[in-house]
2 protein chains.
Amino acid sequence: MTRKPEPEEKDPARQRRVRRSAGGITLRDVAKLAGVAPITASRALNTPDAVSPEVLRKVRDAVAQTGYVPNMLAGGLASSRSRLVAAVVPTVSGPVFLETVQSLTESLAEHGYQLMLGQSGYADSREDALLEAIIGRRPDGVVLTGIMRSPEGRRRLVSSGIPVVETWDLTPTPIDMLVGFSHEAIGKAVAAFLKQRGRRRVASIHGNDERAVRRHRAFDEAAVELGIGGKRKSAPPAVAVPAPTTLGSGRAALRELLDRSPEIDAVFCSSDLLALGVLTEAQASGVRVPDDLAVIGFGDLGFARDLHPALTTVRIDGTAIGRLAARLIIERVAGRTPDQPVQDIGFSIVERASA
Amino acid sequence: MTRKPEPEEKDPARQRRVRRSAGGITLRDVAKLAGVAPITASRALNTPDAVSPEVLRKVRDAVAQTGYVPNMLAGGLASSRSRLVAAVVPTVSGPVFLETVQSLTESLAEHGYQLMLGQSGYADSREDALLEAIIGRRPDGVVLTGIMRSPEGRRRLVSSGIPVVETWDLTPTPIDMLVGFSHEAIGKAVAAFLKQRGRRRVASIHGNDERAVRRHRAFDEAAVELGIGGKRKSAPPAVAVPAPTTLGSGRAALRELLDRSPEIDAVFCSSDLLALGVLTEAQASGVRVPDDLAVIGFGDLGFARDLHPALTTVRIDGTAIGRLAARLIIERVAGRTPDQPVQDIGFSIVERASA
DNA sequence: CTGAAAGCGCTAACAA
DNA sequence: TTGTTAGCGCTTTCAG
């Protein structure tokens with residue numbers, strides 16, 4: 001079923017070049033079958049209201065008959081709308097962002113958008129190559145988990161003109177749009193929460209990624225201020241573990257902590273996985289939670305509430321973040337200006353048995 | 001910085017149409033700056049060996065100066081190589097496939113490919129729309145987690161001509177390429193393992209997704225054959241829970257199981273998350289693992305080995321699956337025929353304390 | 001090794 | 001409402 005050398009030249013002698021079509025069905029084929037011009041077929045598919053019912057029917061029949069699937073690369077090139085949105089996460093296996101990615105994927109799919117996924121790694125080494133790969137695809141939007149730190153990266157994103165949503169953090173100087181919350185506020189709130197629950201010698205275990213570190217810095221400061229940081233005015237005991245955090249590193253960290261500072265009565269963990277590790281280690285070594293030790297996590301992953309004891313944790317509405325990010329981008333693409341391009345969606349402390 | 005109406009017509013009066021360029025920097029701009037033809041600039045970027053060092057330098061300088069980023073939509077359209085690979089997972093939040101997605105993303109990135117992520121949901125309702133969205137983007141490959149059941153879907157994929165890798169399963173009739181393992185073999189192996197460890201009244205808890213069901217059917221049959229299915233020749237007790245499985249559903253399922261069949265001495269769970277739920281519930285209700293009850297999971301997620309007791313589980317090398325799938329596609333795109341287009345990567349039972 | 005011409009498949013801009 | 005024309009930005013083909 002090779003394509004005929006169609007556009008019959010007035011002077012057949014001048015025909016030389018060869019068509020290199022991949023042989024797929026194109027809009028032209030559909031249009032011809034329906035007996036209309038290609039642009040009319042295009043309209044029937046994209047803006048059905050703009051064509052007569054008669055034409056609509058014929059085009060749809062032709063599509064059904066041929067099994068035509070529009071080539072969105074071509075469409076994107078012509079319209080400069082790729083209907084692609086890129087998301088960058090530190091790593092796919094960190095379960096914290098999954099909820100966001102999932103809701104983003106779904107929200108976008110509802111509007112005919114597809115998600116491109118990129119992993120930056122926690123060390124932002126590959127970030128540059130990734131950015132190039134992303135911008136080169138001319139996505140209609142980019143969603144970053146975390147804010148873009150590298151000035152070079154910021155510059156490239158800005159000059160690309162692509163709508164950007166930074167998430168999971170706040171900054172006074174967003175690249176463009178933002179849906180996040182304050183890690184400092186969380187650190188403070190957790191310290192206050194623990195004090196209010198009667199804890200007096202708090203400690204922390206945190207991953208060494210930037211956001212976790214900031215939560216815990218704020219936690220430490222607040223703990224000192226509130227006088228629950230242990231002896232004198234020194235910062236409370238803390239153990240840093242490499243990101244991404246794991247159950248295993250949580251267990252090891254608790255051992256280290258209890259070794260160094262057996263007097264502690266509460267631990268703030270920078271992820272629920274760490275907290276699960278702490279619970280596990282506590283159970284294995286006979287430390288009673290919450291009696292001897294209060295444990296509080298971060299993320300409110302699906303399993304948190306079903307643990308034994310149920311895990312008190314900081315809840316972030318990752319689904320809302322994804323949904324809002326999608327909406328911001330879609331609004332932007334539609335040419336509208338979102339009325340809340342920068343949003344703090346806050347957090348909450350979900351109080352359960354572990355603290 | 002508007003573009004000049006550049007291609008000066010011989011007869012300026014005939015100029016009417018307006019350029020609608022987005023105003024970005026294109027290869028033409030780079031070429032002009034470097035003093036070469038666009039195609040030469042293209043070659044300098046894509047096949048540096050095919051141009052003189054002199055030209056290469058000039059083009060690279062021009063790229064650096066302008067901040068040019070190639071438009072891959074255009075490139076993809078012209079070359080029919082999108083450098084995009086689509087992956088379909090049931091849901092992002094099921095941690096089982098994460099390892100595969102992660103390794104796929106990384107392996108592809110190394111070769112300049114980007115991953116497009118789609119969620120099919122466990123009920124394959126949206127699968128059709130998803131397939132259209134995917135094929136429309138003309139990816140260079142599609143990676144499916146699980147095999148494509150819908151005949152309609154198979155047909156569309158086949159007729160699209162896109163290389164397809166089905167994963168995480170085996171079938172005598174793959175669409176194209178495949179990297180998987182046998183769920184039936186796993187069910188049998190687990191039953192044999194439990195018998196060999198002295199268990200005599202096994203049971204199972206499984207998600208209601210197709211692959212889990214098949215593992216457990218095989219498990220049940222083997223258990224009956226081996227005489228460890230409980231009384232007489234009836235199938236061992238089982239509880240089905242909705243997919244995706246959770247810690248909570250594991251807890252509830254164990255309660256139900258113990259309620260109905262208190263005599264059981266082993267449980268095979270269709271995911272590590274379920275198994276964690278079983279461990280949690282066992283601990284909460286005073287059932288000793290492994291003394292009273294052996295527990296075995298599936299997936300060998302990161303946390304399995306650090307649990308208390310450490311979880312015995314079926315290990316699937318998800319990273320290898322991702323890596324191999326990427327390689328198959330890249331080989332195919334390069335025009336080579338992979339020498340092992342269908343691979344059974346097997347599984348192993350990781351024996352730890354829980355069984 | 002370099003370049004001119006001709007598309008890839010689609011849609012924006014105009015015109016009827 | 002429909003059609004004509006001219007690209008979108010790149011690469012393939014063919015010819016130096």
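Within every chain, numbering begins at 1; the chains are lettered A, B, ... in the order of the sequence lines, protein sequences first and strands thereafter.
Taking atom CZ of A:R83 as the reference point, atom P of C:dG9 lies 21 Å away to the nearest angstrom. If you measure from atom CE of A:M72 to atom C1' of D:dC8, you get 16 Å, rounded to the nearest angstrom. If you take CG of A:L77 and C1' of C:dG9, they are 9 Å apart, rounded to a whole angstrom. What separates CG of B:D29 from P of D:dC8 is a distance of 11 Å, to the nearest Å. Between A:R137 atom CZ and D:dC10 atom P the separation is 14 Å, expressed in whole Å. The CG-P distance, from B:L27 to D:dT11, rounds to 7 Å in whole Å. Protein atom CZ of A:R28 is 12 Å distant from nucleotide atom C1' of C:dC10, rounded to whole Å. Remark: P of D:dG9 and CD1 of A:I135 are 16 Å apart, rounded to the nearest angstrom.
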- Message: For a side chain to side chain contact (heavy atoms under 4.5 Å, CB included) check, start with the C-alpha distance between A:Q114 and B:L130, then their side-chain angles and the critical distance, and finish with the verdict.
- Response: CA-CA 9 Å; A:Q114 197 79 16; B:L130 182 58; 3.8 Å; yes
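Comment: A:E132 engages A:R156 in a salt bridge, judged by a side-chain N to carboxylate O separation of less than 4.0 angstrom. Here B:D176 pairs with B:R332 in a salt bridge; the nearest charged N to carboxylate O distance falls below 4.0 Å.
Heavy atoms only, all atoms of each residue included: A:G112 and B:R137 are closest at O-NH2, 3.9 Å.
For the segment residues 33-58 of chain B, the set of residues with a heavy atom within less than 4.0 Å of an atom of DNA chain C comprises B:V36, B:A37, B:I39, B:T40, B:R43, B:D49, B:A50, B:V51, B:S52, B:V55, in numerical order.
With sequence neighbours excluded, no residue forms a salt bridge (charged side-chain N to carboxylate O under 4.0 Å, His left out) with B:R60.
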With a 3.5 Å cut-off and sequence neighbours excluded, list the donor-acceptor pairs that the side chains of residues 34-46 of chain B form with protein atoms.
from  : atom 1 : to    : atom 2 : distance (Å)
B:S42 : OG     : B:N46 : ND2    : 3.3
B:N46 : ND2    : B:S42 : O      : 3.2

